[in-house]
Amino acid sequence: MKRATLWLLAALALVALVILGVAWGSVSLSPRVVAAAALGHGDAQTIAIVRTLRMPRVVLAALVGAGLGMAGAALQGSLRNALAEPYLLGVSGGAAIGAVVAVTVGITSAALLPLCAFAGAALAILTAIVVARAMGGRADPRVLLMAGVIIGAFANAAIMVVLADAPPNTVRGALWWMMGSVSGADWRQVMWLAVYTAVAGGALAWMGREIDILALGEEPAAALGVNVDRAGRRVYIVSSLLAAATVAAAGLVGFVGLVVPHLVRAAGVRRHRPLLAGAALVGAALVVLADLVARVARPPAELPLGAVTAIVGVPFFLAQLRRLT
Amino acid sequence: MIRFEHLVVRYPRAPHPAVDDVTFEAARGRVTAVVGPNGSGKSTLVRTLLRMLRPERGTIRIDDAPLATLDRRAFARRVSVVTQRESLVFTLSAREYVALGRYPHEGTWRAAAADDDAAIARAIELAGVGPLAGRATSELSGGEWQRVRIARALAQGGDALVLDEPTTFLDIAHEMAMFELFARLARDGMAVLLVSHQLNLVARFADTMVLLHRGRVAAAGAPGEVMRASILEPVYDWPLVITRDPAVGPPALVPLRGQTR
């Protein structure tokens, strides 16, 4: 298939999934009714379902997927590691600590919990950079990866300690959060993440050519005029903060940051600017689809989004595996 | 073009400098070869040139401008460096890879212009990698990959080409073709600075040889002045004789068996 056709197909798939995501659920609506309700026509209940329940949820899912896809693409390129993903670098652990600590001290407000998660993630990112610097301050991405992995492991251990004697409700709340969910989405949350994704995604696109060069390795990148230390750190900070924002909004949604960039690469996109755009598109579509599956697979229960992204993503990934190697 | 002046480089916590008071110039129109045993400081010179190491003393000048005053991209526009090792984690097409050589000329958003395309086409032709352009980098043989990397460096379009052991993985034909290319580039006015273990080829193709030993310049000059058993034997710590290659003329080194000493 031509490159342009693929882009068009991906965009159409995202649009179709967004419409489907808003239309399908415990109350199923026809696309025409959805469109009318979105514009404020129809009965009050339908308008409420579309406008305040489903639309923010679907848009939030799309933003989470776009953010994780871009963060994964940027990190894999700049760290030169096909296994790199935002959660590997301490972001998820840090955010989880922030959230779990918040829950155990009794903060459950929808406004404060994401802030605590974000603060935890930011702290983890900062620690990883400080540790990497102390370990030699060199541009070697392996040092940064190692620091992130170690901090993640430490965070997981700390979470277990905190949860060991916590009341069952707290444990359940923390666990549910760690499995990821966009069920509580509201427009304010969507606005925040939209601004965040746009700014961070724009910054990554701005650095896109630099990431192309970083992906060549330390010495070749230096030979092409890139300040490897500084550029690598910049990409790391921006993409980790972007991932942290998605975690703050929706908890831990695994698999997306790892796999989506590979899917886009398998389609023949190699330079990082188009790769970032493609990862945003495919990531958004994947998470919207996963959230739809999470809602409608076993009603009235909702499956954890983080598990569904993996279940939905694995077949895509396996189908592409041969083209990746 | 590239002048090393009393350069001293020391790795952190190392007792002795890896490069110790090295002075020489790689001039335009010449092939300058840096030779020496493993660990003599050859690659340290290249890494210092790339500003991955900071000199303890001394300077490197690019046409009189101290390296530290040059913007990194401006440096990359004037000096192309092919480092010793490079492997891609994510595959590109060979042409995409060569095109990355234009990075120092690109703005943040500017699309590739006609002069970029011309430079890429010229580099591909010079390095003789036209038939490889559509191939994926992961499918190239070691020699093909090396030529594609040199094409990338040529696409940078500078006046100087620095190569760190460029022919290590090449067979005789490809190695010879490479050296012919370096000589031709120098003839066309480029400064070619070559780090190499291939003493005999260097003696044939280089205009100047710089022999490093434990970070210091043990000898420098025309191949005939450096390729002497009395100079090379103590540096390489191995018995050897210098003969004159009967077919082509320049001095050639023949290492002897160890026990004959």
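Reminder, nothing fancy here: chain letters follow the sequence lines and each chain counts from 1.
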Inset, instruction - I would like to know whether B:Glu5 and B:Arg61 meet salt bridge (charged side-chain N to carboxylate O under 4.0 Å, His left out); could you show each step before the answer? - result: CA-CA 8 Å; B:Glu5 290 177 351; B:Arg61 286 177 195 276; 3.0 Å; yes
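The structure places CG of A:Leu281 at 10.5 Å from CE of A:Met70, a figure rounded to the nearest 0.5 Å.
Using a cutoff of 4.0 Å between basic side-chain nitrogens and carboxylate oxygens, A:Asp212 and A:Arg270 are not scored as salt-bridged.
Ranked by non-hydrogen atom pairs under 4.5 Å with chain B, the options A:Glu210, A:Arg209, A:Glu219 are led by A:Arg209. Across A:Gln76, A:Arg273, A:Met207, the residue that shares the most heavy-atom pairs under 4.5 angstrom with chain B is A:Arg273. Between chain A and the options B:Pro104, B:Pro12, B:Ala74, heavy-atom pairs under 4.5 Å are most frequent for B:Pro104. Ranked by non-hydrogen atom pairs under 4.5 Å with chain A, the options B:Thr83, B:Val79, B:Leu88, B:Val82 are led by B:Thr83. The greatest number of non-hydrogen atom pairs below 4.5 Å with chain A, out of B:Arg72, B:Arg152, B:Gln84, is found for B:Arg72. The greatest number of non-hydrogen atom pairs below 4.5 Å with chain A, out of B:Val162, B:Leu92, B:Asp164, is found for B:Leu92.
Within a 6.0 Å sphere centred on NE2 of B:His197, other residues, nucleotides and ligands contribute more than 12 heavy atoms. The local environment of CZ in B:Arg73 is crowded, with over 12 non-hydrogen atoms from other residues, nucleotides or ligands closer than 6.0 Å.
Both the backbone and the side chain of B:Ser87 come within less than 4.5 Å of a heavy atom in chain A. Proximity to chain B (any heavy atom under 4.5 Å) is shown, for A:Leu224, by both the backbone and the side chain. Contact annotation for B:Ser138: neither backbone nor side-chain heavy atoms come within less than 4.5 Å of a heavy atom of chain A.
Taking the six-membered ring where tryptophan is involved, the planes of B:Phe4 and B:Phe24 are essentially parallel, since the angle between them stays under 30° and well short of 60°.
Here the side chains of A:Phe255 and A:Val260 are not in contact, with every heavy-atom distance at 4.5 Å or above.
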